[in-house]
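Since the structure comes first, as structure tokens, the remarks are kept for the end.
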Number of protein chains: 2
Amino acid sequence: MKKQKITIKDFAEKLGVSTATVSRALNDTGRISEKTRKFIKEKANELGFRANIYASQFRTRQSNVIGFFFPVAESGDPGYFISEIMSEVSDEAVKTGKILQIYPVDESGENIESFKNGILNGSLAGIIVVAGSKTSSELVLTAKDAGVPYMIIGGIKSETENCVIFDNENGARLAGKYFLNTGRKKPVYVGGYLDTRKKRGFKEGLGILANELIFDDGGCSFNQGYQAFERIFSKLPETDCALCANDVLAIGFIKAAAAKGFRVPQDVAVIGFDDVKISRFYSPALTTVALNQQEAGKNAFRKLMRLIAGEKTMANEKMASDLILRDST
Amino acid sequence: MKKQKITIKDFAEKLGVSTATVSRALNDTGRISEKTRKFIKEKANELGFRANIYASQFRTRQSNVIGFFFPVAESGDPGYFISEIMSEVSDEAVKTGKILQIYPVDESGENIESFKNGILNGSLAGIIVVAGSKTSSELVLTAKDAGVPYMIIGGIKSETENCVIFDNENGARLAGKYFLNTGRKKPVYVGGYLDTRKKRGFKEGLGILANELIFDDGGCSFNQGYQAFERIFSKLPETDCALCANDVLAIGFIKAAAAKGFRVPQDVAVIGFDDVKISRFYSPALTTVALNQQEAGKNAFRKLMRLIAGEKTMANEKMASDLILRDST
DNA sequence: TTGTAGGCGTTATCAG
DNA sequence: CTGATAACGCCTACAA
């Protein structure tokens, strides 16, 4: 094993000071005269000295790395919703000088063990888990046991704290109510991958129409939305409105409708979920339940920082959800 | 500074073996009997012993972390193209037991110093840089100087190796030729953020129409595409075809066309760039130059692994680009 | 304000 | 195949 080219000891000797002084200067810590601090920093720059990060992490046991665990669909299709959360989290991380590691958790739970190891070995200062895969709760439990600060985005049934929750139920209720009030008669619900609450809310909103409600197991890809439409309309061509569990699904659904000669919204009204960036620009612009995922990401990150700073726990927070009316209804 | 609850020494004593043996067993390294290895692994599991990752990294100077540097637009709009690269890279990383850290490089180059530090402090086994921001090349240079293995996706002018390049020029040429052959007369080019080659190729393909070519500085967001349309058609309503530097731009452009009562493709034919997932499902389905970004991501990652494994350099590789005809032309 | 020196927990080198 | 032990480079009491 080769040594590193220049160590703090070499560097300190070259400047004629002690290693302690160098350490203090470079870390902005401890009492030290402004003059020597400046001098040492300059010299470090000049000579290209940089403390070995492994050694200093080892010594201080401090990590500035945050783990971001998120579910990925088998389809390999784009997780726009999660991308939007991630980009917000990533922004916050950069702002606060943290580094983000990403851990894609797939349905199979294949690499769950190595991910758990990542949590347990202490290399992460904290983690954010986006709920949605079967193993999300396992990851959370691992963190909890290990005393690693964690925040959950999306909510996990058994967890009563440290969650930033989406109000799926209310969002779906708004959608149901809207269909009811606009005279739709034959509703259908195209399911996604984390939505028992959406179903319930939708039914409530539909009121008397709930009896007519058809469920279809969608997924979360364009293609699945497309296929869902075909499946449903081959059996029930009189269907006149649909709530899709996410926008991607809704877009596939609408695409199929157009291909089959159905007009949206005249023949079928479609509401999506998430208000992902593309939805406003789709044709027809998609009516959708906005969940404020970006804000959720930001809030989760900030709360995680507080947990890392020493606070014990964060109360669950529920994000507001709004029905955004556009051209698909 | 508190000590860790259970160290390899404690653990070894408890089992009545030496620390060396434990280390060998847990790392699957060196000569050791299968029996003791199994025994030690079991016990480690049982007692929850896990080697301190900082200590072992410190000792071995080995990192299994890959840095992924990518440009982000100021608009905050979705980088679908980059997302698709990233998700592929991330998949590959998981498969090979690597961990991915993400570094969003913004136009301002604000956090460039801290990112450079991330490269220099040796915490990364290698990096992938997606070209496209002004500071991409600075990051690459930093890695090169520090001897950190790197791969570039997208190509940087001065770099003659370790690049996976998109054939933007040929893609644009195909688009130009298509407009020429389908009788379009008044072309426009809506620029993006990394595309001197696209312009050139497009002109070549347009042949005699190149004289009529109008340039517009687009960007990479839906809104910018939308505004580009308004800008162009308020001045030049006779424009009958457009190449947009990316699909997101193209979608915004088409959306604006529809809003202003122009039919796509009858009045204006539109070709995008990238063949991002949404493009096939947009209405009208987008004709676009496919760049095979997923494969690019995969290839870059695999080559990076080879560099990390000790190979000196990778020859530049140019991805094929294809014009995918759909409904917007 | 600065210097001295001990120790963090592991892995790798030697012996045995 | 296993054990003893010497680094790895840094930070931080403690001493000056």
Side-chain angles (χ1 to χ4, degrees), chain A residues 1-44 47-64 117-118 120-123 125 146, chain B residues 1-41 43-44 47-65 117 120-125 146:
Chain A
M1 200 204 52
K2 67 225 169 196
K3 297 187 191 178
Q4 105 185 19
K5 52 258 156 206
I6 174 169
T7 72
I8 197 173
K9 207 174 148 201
D10 305 336
F11 179 65
E13 271 172 16
K14 201 162 289 178
L15 300 205
V17 297
S18 74
T19 61
T21 305
V22 170
S23 175
R24 282 190 279 254
L26 263 29
N27 294 309
D28 291 318
T29 167
R31 303 187 191 300
I32 186 177
S33 82
E34 208 36 63
K35 203 178 121 200
T36 47
R37 165 162 293 147
K38 202 177 150 208
F39 170 69
I40 290 176
K41 281 195 172 179
E42 268 169 13
K43 279 294 181 183
L47 302 178
F49 169 69
R50 211 168 286 265
N52 178 322
I53 192 167
Y54 295 136
S56 65
Q57 281 187 336
F58 171 46
R59 185 64 175 73
T60 60
R61 293 155 191 297
Q62 289 199 16
S63 157
N64 64 338
N117 190 46
L120 288 168
N121 69 19
S123 62
Chain B
M1 200 203 51
K2 66 223 168 196
K3 297 186 189 178
Q4 113 185 12
K5 51 264 154 197
I6 174 168
T7 72
I8 197 174
K9 207 173 147 201
D10 306 336
F11 179 65
E13 270 173 15
K14 203 163 287 179
L15 301 204
V17 297
S18 74
T19 61
T21 304
V22 171
S23 176
R24 281 190 280 254
L26 264 27
N27 294 309
D28 291 316
T29 168
R31 304 188 193 300
I32 187 176
S33 81
E34 209 35 62
K35 203 179 120 201
T36 48
R37 165 163 293 150
K38 205 178 148 209
F39 170 69
I40 290 176
K41 281 194 172 180
K43 279 295 182 183
L47 302 178
F49 170 70
R50 210 168 285 266
N52 179 322
I53 193 169
Y54 294 136
S56 72
Q57 282 187 336
F58 170 46
R59 186 63 176 81
T60 60
R61 293 156 188 299
Q62 289 198 17
S63 156
N64 64 338
V65 178
N117 190 47
L120 288 167
N121 68 20
S123 62
L124 299 174

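Per chain, numbering begins at 1; letters A, B, ... match sequence-line order.
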- State, with a plain yes or no, whether a side-chain heavy atom of A:Lys41 is found less than 4.5 Å away from one of A:Asp28. yes
- Message: Distance check needed: C:dT10 P versus B:Asn52 CG, whole Å only.
- Response: 6 Å
- Query: Who pairs with B:Thr21 by side chain to side chain donor-acceptor pair (under 3.5 Å), at least two apart in sequence or on another chain?
  - Reply: B:Ser18
- Whole-Å distance separating the CG atom of B:Leu26 from the P atom of C:dT11: 8 Å
- Message: As an exercise, state the distance from OG1 of A:Thr36 to CG of A:Leu15, rounded to the nearest 0.5 Å.
- Response: 10.5 Å
- Query: Checking all strands, does A:Ala51 fall into the base, sugar-phosphate, or nothing category for heavy-atom contacts under 4.0 angstrom?
  - Reply: sugar-phosphate
- Query: Contact class for A:Ser23 (heavy atom, under 4.0 Å): base, sugar-phosphate, or nothing?
  - Reply: base
- Message: Could you measure the distance from the CZ atom of A:Arg24 to the OG atom of A:Ser33? Nearest 0.5 Å is fine.
- Response: 11.0 Å
- Item | All side chain to side chain contact (heavy atoms under 4.5 Å, CB included) counterparts of B:Lys38, not counting sequence neighbours | B:Glu42
- Whole-Å distance separating the CZ atom of A:Arg37 from the P atom of C:dT1: 10 Å
- From the list D:dC8, C:dT2, D:dG3, which nucleotide is the closest neighbour of the side chain of B:Thr21? D:dG3
- Message: As an exercise, state the distance from CD1 of A:Ile40 to CZ of A:Phe49, rounded to the nearest 0.5 Å.
- Response: 10.5 Å
- To the nearest 0.5 Å, tell me how far A:Tyr54 OH sits from B:Asn121 CG. 8.0 Å
- Note on the structure: Ranking C:dT4, C:dT2, D:dT2 by distance to the side chain of A:Thr36, first place goes to C:dT2
- When you measure from the side chain of B:Thr60, which nucleotide among D:dT12, D:dC10, C:dA12 comes out closest? C:dA12
- Item | Nucleotide of C:dT4, C:dT11, C:dC8 approaching A:Arg59 most closely (side-chain heavy atoms) | C:dC8
- Query: Across the strands shown, which category fits B:Thr19 at heavy-atom distances under 4.0 angstrom: base, sugar-phosphate, nothing?
  - Reply: base
- Residues passing the side chain to side chain donor-acceptor pair (under 3.5 Å) test with A:Asn64, sequence neighbours excluded, are none
- Kindly compute the distance separating CG (A:Leu26) from CD1 (A:Ile32), expressed to the nearest 0.5 Å. 9.0 Å
- Task: Rounded to the nearest angstrom, tell me the gap between atom CD in B:Gln57 and atom P in D:dC10.
- Result: 15 Å
- Query: To the nearest 0.5 Å, how far apart are CZ in B:Arg61 and CD1 in A:Ile53?
  - Reply: 13.0 Å
- Query: Per the end-axis method with five pairs at each terminus, what is the bend angle of the helix from C:dT1-D:dA16 to C:dG16-D:dC1, to 10°?
  - Reply: 30°
- Between A:Gln57 and B:Gln57, does a side chain to side chain contact (heavy atoms under 4.5 Å, CB included) hold up when you go through it step by step? CA-CA 10 Å; A:Gln57 281 187 336; B:Gln57 282 187 336; 4.2 Å; yes
- Here the distance between atom C1' of D:dC1 and atom NZ of B:Lys38, to the nearest Å, is 18 Å
- Which listed nucleotide (D:dC11, D:dG9, C:dT11) is nearest to the side chain of B:Phe58? D:dG9
- Can you figure out which of C:dG3, D:dG9, D:dC10 approaches the side chain of A:Ser18 most closely? C:dG3
- Item | d(CZ, A:Phe39; P, C:dT2) in whole Å | 12 Å
- Message: Within the 4.5 Å heavy-atom criterion, are B:Asn52 and B:Thr7 side-chain neighbours or not?
- Response: no
- Message: Could you tell me how far apart A:Glu34 (CD) and C:dT2 (C1') are, to the nearest whole angstrom?
- Response: 15 Å
- Task: Check each residue of residues 7-15 of chain A for a non-hydrogen atom within less than 4.0 Å of any atom in DNA chain D, then write out the ones that pass by number, or none.
- Result: A:Thr7, A:Ile8
- Rounded to whole Å, CD1 of A:Ile32 lies from C1' of C:dT1 at a distance of 8 Å
Under 3.5 Å, N/O pairs linking protein and nucleotides 14-16 of chain D:
none

